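Numbers restart at 1 for each chain; the letters A, B, ... are given by sequence-line order, proteins then strands. No experiment lies behind these values; they were computed from the predicted model shown.
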There are 2 protein chains.
Amino acid sequence: MTTIRDVAKKAGVSVATVSRFLNGSGYVSADAAKAVTEAVEELEYELNPVARSLNTKRSSLIGLILPDITNPFFPELARAVEDVALSYGYTVILCNSDEDPKKEKNYIETLKKKYIAGFIVTSNQLDAPHYADTKLPIVALDRAINEKIPVVSSNNKEGAVLGTNALLERGCRNILFLRGPEALNPANDRYDGFMEAIGKSDVDYRIVTCPFHYADSQKIVKRELKANPAIDGIFASSDVSAAGALKAAAILGRNVPDDLQIIGFDGIAMGEMLSPGLSTIAQDVYKMGAIATRILIKRIENKPVEESFYEIPVKLILRGTTRSVE
Amino acid sequence: MTTIRDVAKKAGVSVATVSRFLNGSGYVSADAAKAVTEAVEELEYELNPVARSLNTKRSSLIGLILPDITNPFFPELARAVEDVALSYGYTVILCNSDEDPKKEKNYIETLKKKYIAGFIVTSNQLDAPHYADTKLPIVALDRAINEKIPVVSSNNKEGAVLGTNALLERGCRNILFLRGPEALNPANDRYDGFMEAIGKSDVDYRIVTCPFHYADSQKIVKRELKANPAIDGIFASSDVSAAGALKAAAILGRNVPDDLQIIGFDGIAMGEMLSPGLSTIAQDVYKMGAIATRILIKRIENKPVEESFYEIPVKLILRGTTRSVE
DNA sequence: AGGTTATGTGTAACCGGTTACACATACTAT
DNA sequence: ATAGTATGTGTAACCGGTTACACATAACCT
């Protein structure tokens, strides 16, 4: 392996000059620069990032902490983070936290020892006291940790308004809202949006709390649909819940969308594969991940970050679970 | 930050002794061991992995190279790899290769500089010349790179036999087999299994090559179903293709499963959410990832690895797209 | 007793970079 | 002319570990 000393010798300068040139720090004459460039070229020298890390106490590692990569929301996020990180020369470490603060903390400690450059943190938990004291650059997704930590999130409230209005415009007179877990920021914002939009109408509605879980949702919706056959619209706070609702409707022989219209929230790929295709409020998950990563890297590299709160617009996607507006 | 020198001073021994004790290498007296243990405890000393890496040229990093984490097959794999890696003290780096050998190679080069301990490689490509010369421990998933590299894969052929027989037992007399891309090992094994099982029957069949892609599959199946209305069974080489087939059937008003039965392959979570639920040959993806990781870690730690070819059994899961056996 | 081998420990070089500091020269300002 | 600043470079310490080697003592042979 060629080292900086080999390069220095070949270029006829000291290692300090080589290092300065390579890092663009300090003064280096044109002659020296040329000699070093040539030596690097000829020796195919590549800097050893471990040696560098050891004394700079920095690295090009980014930690991506998420509850569970298996949850259909996260792969696309991970993909975006990885793409952007790669393009800036960073490497992504995958951390499944399972919503367990201990596990999360453990990851942070372990990776700090490796001089990790920063973290992107996605979690459903509202509180995260152990982040507060970390001096590392962090960007949060979908949850506010504290004022100093930038947050990237979808425009959940607006999305919920959009979805609710879509059902209203399509003639729903009795809407079931599947509210997400109350511990989740995004779920609460969606709830607020629903309430705002439904409040402006004179339509009947009912709210049921429902985890973002397929089988649970199916069970809950089956029960609700049986108890209240007048329901002609369901707005689910997640696509997975919507899938459960759709299944429940199928089992009960309800005709979607003629009889019952359904809108989900998230925009995961699966929605398209359902029959009928799931209408949904799609989040631009890729964009969320990409923006979060760009902000993180700016922070890592001490570049100015304009804002600390980024809201990504959502989009209504109409498929088969809703009718066209009459 | 406390260093090994602090510990040595506190314990009244040399750094060499501390290092030896910490690594279980060389001789350390009981007295010295005790003194070091106490000093470590009191100072809350934690070894710096970067400094260690620098001269051992090893690390506890594992690279997971996969085509695209967004593909529903991979998150569960990644999850398994991460779980097992974590339990052995390793950290996982996520690498989306997009099937691009250049990108793959680039990752390998980059991570080698960080003294990565080993790689788990999943790829759809059959050839991978650039792995051959790597001295790093590697474990492959679903593809054989060379004799020295262990492979973990599902029992694809047996699965295909299982699926084909399931359709036959349920009365199918005209089966459409959606064959996966010919460049893929697993797809070819599935094809072999189908041929073997179908050959033993006197049933009509037709084979169409179909990418593991939802929309494409839908189009292809729609065409096939129109051209040949007698088809009463579809065996798809992947669940995503099966989902496309199911959608096509729904659009054409075919009744699944009374009229047309469908079996997929993979066992991804989405299958359950479809209506009717997708019958499938489920791979134990988690197990594949877990086993691959364990083997890799054994290799990294120079422990003996029994075999070099691991086949994970598959399982027939019957849901709504197949009838019960009459 | 004398030679081997096993046990135990410390010194110092080394891994491959970065950077504080000292020093030299050239240019600018007064 | 002289001080002050900008430019350019090298030496050597340092980051925080590992380990070769030298040396010392204890245990085991014959």
Start and end of chain A contact along DNA chain D [non-hydrogen atoms, under 4.0 Å]: D/dA6 to D/dG16
Test item: A/Asp100 side-chain N/O and A/Lys102 main-chain N/O as donor-acceptor pair under 3.5 Å: yes
Short side-chain to backbone donor-acceptor contact, B/Asn48 and B/Ala51, under 3.5 Å: yes
Residues in side chain to side chain contact (heavy atoms under 4.5 Å, CB included) contact with A/Lys303, at least two apart in sequence or another chain: A/Lys298, A/Glu301
Position toward the 5' end of DNA chain D (nearest nucleotide), A/Arg5 or B/Thr56: A/Arg5
Under 3.5 Å: donor-acceptor pair, side chain of B/Thr17, backbone of B/Val13: no
Test item: A/Asn71 side-chain N/O and A/Phe73 main-chain N/O as donor-acceptor pair under 3.5 Å: yes
Side chain to side chain contact (heavy atoms under 4.5 Å, CB included) partners for B/Thr56, two or more places apart: B/Arg52, B/Arg58
Let me have the donor-acceptor pairs involving side chains of residues 285-293 of chain A, under 3.5 Å, with sequence neighbours excluded, atom names and distances please.
from: A/Tyr286; atom 1: OH; to: A/Asp83; atom 2: OD2; distance (Å): 2.5
from: A/Thr293; atom 1: OG1; to: A/Gly289; atom 2: O; distance (Å): 2.6

A/Ser154 side chain to A/Gln283 backbone, donor-acceptor under 3.5 Å: no
Five-pair end axes of the helix from C/dG3-D/dC28 to C/dT30-D/dA1, angle between them (10°): 40°
Kindly give the atom pairs (protein nitrogen or oxygen, nucleotide nitrogen or oxygen) under 3.5 Å for nucleotides 26-29 of chain C.
none

Listed partners of A/Pro313 passing side chain to side chain contact (heavy atoms under 4.5 Å, CB included), at least two apart: none
Donor-acceptor contact below 3.5 Å, side chain B/Ser19 vs main chain B/Val15: no
Donor on one side chain, acceptor on other, A/Ser60 and B/Lys114, under 3.5 Å: yes
Neighbour count >12 (heavy atoms, 6.0 Å) for atom CD, B/Glu147: no
Salt bridge (Lys or Arg N to Asp or Glu O under 4.0 Å) partners of residues 14-34 of chain A, not counting sequence neighbours, each pair once: A/Lys34-A/Glu38
Pairs satisfying salt bridge (Lys or Arg N to Asp or Glu O under 4.0 Å), at least one member in residues 5-17 of chain B, at least two apart: B/Lys10-B/Glu42
Within residues 9-21 of chain B: residues closer than 4.0 Å to DNA chain C (heavy atoms): B/Gly12, B/Val13, B/Ser14, B/Val15, B/Ala16, B/Thr17, B/Arg20
Sequence-distant partners of B/Asp266, salt bridge (Lys or Arg N to Asp or Glu O under 4.0 Å), two or more places apart: B/Arg190
Residues touching DNA chain D, which here means a heavy atom under 4.0 Å, drawn from residues 26-54 of chain A: A/Tyr27, A/Val28, A/Ser29, A/Ala32, A/Leu54
